[in-house]
Structures are given as structure tokens and as C-alpha cells.
Visitor: 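First the structure, which I've put down as C-alpha cells, then a few questions once you've had a look.
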Amino acid sequence: MNEESSLMTSRNYLVVTDNFEFVEYFFQYFNQTDSNISFCIPENNGVQILDSYSAEYHFFSCDFLNSKSIQESIAAIQNDGNQIDCLINFINHNELDYFNVDLDDWLQYWNYKVLGSMRFMREIAHAMKKNRKGSIINIIDIQSRFPNLENIVNLSADTAILNLTKAIAADFIESNIQCNSISLGNFNFNLLHENSLKDMPVNGSGDPKELMSLIDFFANANNRYIVGENINIDGGFSRTL
């Protein structure tokens, strides 16, 4: 184990995401800590995508729109003997045009992303409350802090998740469950719009190691006094907030 990874703590992670680039970075850094990592992905991603991944990756496929499907996936993970210490929720964006998107598609997307996040948090919280410990980290796009019509469907969903994080954090901390969020700037797996890059003091994309270190910091049980916080990791893009 290298010096960098030794600073991180071994935990049981459940990563909920549809972003496979993020999966690779997360596994690369946290697997060095001997952590148990399970990835829950939407079932419509297709087997052909998963075939390119090593057997080391523990994938669980489920329907993000269905609470029962989520419950079954979480039960399968825990039946492997892994009590979930930390939930990472990063349901990435899907570009939908504000003026042309069908209202039913908008509602379906919100059901997938916002209510999907809520379903996972609710189910994980039940297990964490029994154990009297845990951490929930929601990852969203920094552009949701600067609304625009270019991708407002996704950004409005991220804003809802940000507010949900803050809303439940105070109640969850009573059960020793930390709930915080991270707003992502320009990373390889979360590229910002070209117009946004003009306002970033730090040129180029962020280093995934910085994000992983922040996740590890948030997940640390010693940080109980950080409640409902959102950290911007964006190269200075949000400095005017």
C-alpha cells in the first residue's frame, strides 16, 4: 500500500452510479485500502458494458425506479457479510433539452435521479440506524449552483438532491449517520460546458485523487460535527457564490 492510500481507511462502500468512468477511478483508489466496494448500477446499462470489467468489481444491477429492486440489491450485498458503512450516490447527468423534452421524459428522469437517490438513502438509512453509524455522500454537478437553460433538467434534479441532503442531515445525525454532499467541477467523468470553463481560475480538469480524498474525509466517523455540508471541488468556479 502506498503512502497516499495508507491515509485512507478501510470501509464497506456502496457506490450507486451510472457513470462507469467514476467506477474505475473509485475502485482504483479505494481498493488499495482493502475496502469492500460494491457498485449498484441501473439494470438498463446492459451486460455488454459489464463484460469489460474484471471479476474484482462487485456489480449489482437493479431498477432505480423500483424500491423493491433496490431493497433486493442491498440485501444481496449485506448477505455477503458486508454491512454498508458508506453510501456514495452519484447518478450522473443526462442532457435533456428544456424546450424540446417531453414532460413525461422529464418526470421519468426525476423519478430516476431524484426519487432514485431518495430510495437508496431511505433503504440504506434503515440499515445504518440499526448499526448506529454510517455516512451518506451525494455527488452533484457544480453547475446546478448556477442555473441555466442549457441543461436545466439535470441541474434542477441536482439542486433537489442538494436540498434533500441538507433536509435529512439533522435527523440522520441523531442515529450517528453523517449526510453531506460534494459539488463537482470539471473532471474527466463530469465535463462542464465550454462556457463554464472560461470562469475557472484553475485550468484543466480536476485530479480524481482530490475527490477521493474528500470522500474519505467525509466518510470518516470522526467528522461527526460536519452535518448537511456541501463542498465545492471545482477549481475556483464557484468562488463568486
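We're numbering straight along the sequence, starting at 1.
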Visitor: Under a 4.5 Å cut-off applied to non-hydrogen side-chain atoms, are I77 and L14 in contact?
Guide: yes
Visitor: Have a look at N92 and tell me which of D18, D141, N19 forms a side chain to side chain donor-acceptor pair (under 3.5 Å) with it.
Guide: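 Testing each of D18, D141, N19 against N92, the sole residue satisfying side chain to side chain donor-acceptor pair (under 3.5 Å) is N19.
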Visitor: Between CD1 of I233 and OG of S183, what distance do you get to the nearest 0.5 Å?
Guide: 10.5 Å
Visitor: Would a hydrophobic clustering, with Ile, Leu, Val, Met, Phe, Trp and Tyr connected at side-chain separations under 4.5 Å, put L192 with L155?
Guide: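 No, because L192 and L155 fall into different hydrophobic clusters, even though each may have its own neighbours under 4.5 Å.
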Visitor: Where is the tightest heavy-atom contact between T165 and C179, given as atom of each residue plus distance?
Guide: CG2-SG, 3.8 Å
Visitor: Any sub-3.5 Å donor-acceptor pair from T33's side-chain atoms to F30's backbone N or O?
Guide: yes
Visitor: Does the side chain of E43 reach to within under 4.5 Å of the side chain of C62, using non-hydrogen atoms?
Guide: no
Visitor: Indicate yes or no: at least one non-hydrogen side-chain atom of Y29 is less than 4.5 angstrom from one of D216.
Guide: no
Visitor: Search all heavy atoms of K166 against all heavy atoms of G228 and return the closest pair with its distance.
Guide: NZ-O, 3.1 Å
Visitor: Could you walk me through whether N89 and I137 satisfy the side chain to side chain contact (heavy atoms under 4.5 Å, CB included) test, starting with their C-alpha distance in whole Å, then the side-chain angles of each, then the deciding distance to 0.1 Å, before giving a yes or no?
Guide: CA-CA 6 Å; N89 178 50; I137 302 170; over 6 Å; no
Visitor: Quick check: is L107 connected to V153 through a chain of hydrophobic side chains (ILVMFWY, heavy atoms under 4.5 Å apart)?
Guide: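 In one cluster with V153: L107, no.
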Visitor: Could you tell me which residues satisfy salt bridge (charged side-chain N to carboxylate O under 4.0 Å, His left out) with K133, sequence neighbours excluded, listed by chain and number?
Guide: D85
Visitor: Any donor-acceptor pair under 3.5 Å linking the side chain of E24 with the backbone of F20?
Guide: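 No, because the side chain of E24 does not come within donor-acceptor range (under 3.5 Å) of the backbone of F20.
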Visitor: Can you tell me which residue among N232, T159, D158 is in a side chain to side chain donor-acceptor pair (under 3.5 Å) with R145?
Guide: N232
Visitor: Side-chain contact test, heavy atoms from C-beta onward, threshold under 4.5 Å: evaluate it for M212 versus F26 and give yes or no.
Guide: yes
Visitor: With heavy-atom distances below 4.5 Å as the criterion, would you say the side chains of I140 and F90 are in contact?
Guide: no
Visitor: Distance check, rounded to the nearest 0.5 Å: Q143 atom CD versus I152 atom CD1?
Guide: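 Here the rounded value is 10.5 Å.
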Visitor: So, for F39 and F60, is the gap between ring centers shorter than 6.0 Å?
Guide: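 Centroid distance F39-F60: not below 6.0 Å, so no.
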Visitor: Enter the distance from N138:CG to S181:OG here, rounded to the nearest 0.5 Å.
Guide: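 Going from CG on N138 over to OG on S181, the span is 6.5 Å.
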Visitor: Any link between I168 and I173 through a network of hydrophobic side chains (Ile, Leu, Val, Met, Phe, Trp, Tyr) touching at under 4.5 Å?
Guide: no
Visitor: So if I apply the side-chain contact (heavy atoms from CB on, under 4.5 Å) rule between I177 and each of R224, M121, M128, which one comes out positive?
Guide: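 Considering R224, M121, M128, a side-chain contact (heavy atoms from CB on, under 4.5 Å) with I177 is found only for M128.
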Visitor: Going only through I, L, V, M, F, W and Y residues with side-chain contacts under 4.5 Å, is there a path from I182 to V202?
Guide: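 Cluster IDs for I182 and V202 differ.
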Visitor: Go through it in stages, so that I can follow the logic: the residues are R119 and V114, the test is side chain to side chain contact (heavy atoms under 4.5 Å, CB included), and I'd like the CA-CA distance, side-chain angles, deciding distance and then a yes or no.
Guide: CA-CA 9 Å; R119 292 182 185 103; V114 180; over 6 Å; no
Visitor: State whether the side chain of D234 and the backbone N or O of S238 hold a donor-acceptor pair below 3.5 Å, judged by distance alone.
Guide: yes
Visitor: Distance-only check: which donor-acceptor pairs under 3.5 Å involve side-chain atoms of residues 68-76, not counting sequence neighbours?
Guide:
residue : atom : partner : partner atom : Å
S69     : OG   : D63     : N            : 2.9
Q71     : NE2  : E123    : OE2          : 3.2
S73     : OG   : S69     : O            : 3.3

Visitor: Which heavy atom in I91 sits nearest to a heavy atom in G116, and how many Å separate them?
Guide: CD1-C, 4.5 Å
Visitor: Taking it one step at a time, do V15 and F22 satisfy side chain to side chain contact (heavy atoms under 4.5 Å, CB included)?
Guide: CA-CA 10 Å; V15 181; F22 178 74; 3.7 Å; yes
Visitor: I need the minimum non-hydrogen distance between S205 and L191, along with the two atoms involved.
Guide: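 Closest approach of S205 to L191: OG-CD2, 4.5 Å.
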Visitor: Using the side chain to side chain donor-acceptor pair (under 3.5 Å) criterion, which residues pair with N131? Sequence neighbours excluded.
Guide: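 Applying side chain to side chain donor-acceptor pair (under 3.5 Å) to N131 gives Q83.
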Visitor: Looking at R132 and K129, would you say the former's side chain and the latter's main chain have a donor-acceptor pair under 3.5 Å?
Guide: no
Visitor: Going by heavy atoms in the side chains, are V16 and F64 under 4.5 Å from each other?
Guide: yes
Visitor: Given side chain to side chain contact (heavy atoms under 4.5 Å, CB included), test K113 with N154 step by step and report yes or no.
Guide: CA-CA 9 Å; K113 182 164 185 171; N154 168 63; 2.5 Å; yes
Visitor: First locate atom CG of N31, then atom OH of Y57, and finally report the distance between them rounded to the nearest 0.5 Å.
Guide: 8.0 Å
Visitor: How long is the straight-line distance from CZ of F218 back to CD1 of I139, given to the nearest 0.5 Å?
Guide: 10.0 Å
Visitor: Please name the pair of heavy atoms, one in D105 and one in V101, separated by the smallest distance, quoted to 0.1 Å.
Guide: CB-CG2, 3.9 Å
Visitor: Please test R11 against N220 for side chain to side chain donor-acceptor pair (under 3.5 Å), starting from the C-alpha separation and ending with a verdict.
Guide: CA-CA 10 Å; R11 301 186 185 92; N220 193 316; 5.0 Å; no
Visitor: For Y13 and S35, which heavy atoms make the closest approach, and how far apart are they?
Guide: CE1-OG, 3.6 Å
Visitor: Between the side chains of D34 and S10, is a donor N or O closer than 3.5 angstrom to an acceptor N or O?
Guide: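 Per modelled atom types, D34 and S10 side chains form no pair under 3.5 Å.
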Visitor: In this structure, is the centre-to-centre distance between the rings of F146 and F237 below 6.0 Å?
Guide: yes
Visitor: I want to check something: taking the side chain as every heavy atom from C-beta on, are Q178 and V227 in contact at a cut-off of under 4.5 Å?
Guide: no
Visitor: For the residue pair S135 and F172, establish whether any side-chain heavy-atom pair is separated by less than 4.5 Å.
Guide: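 The answer is no; the side chains never approach within 4.5 Å.
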Visitor: Please report the interatomic distance CD(Q108) to OH(Y112), rounded to the nearest 0.5 Å.
Guide: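 Between atom CD of Q108 and atom OH of Y112 there are 10.5 Å.
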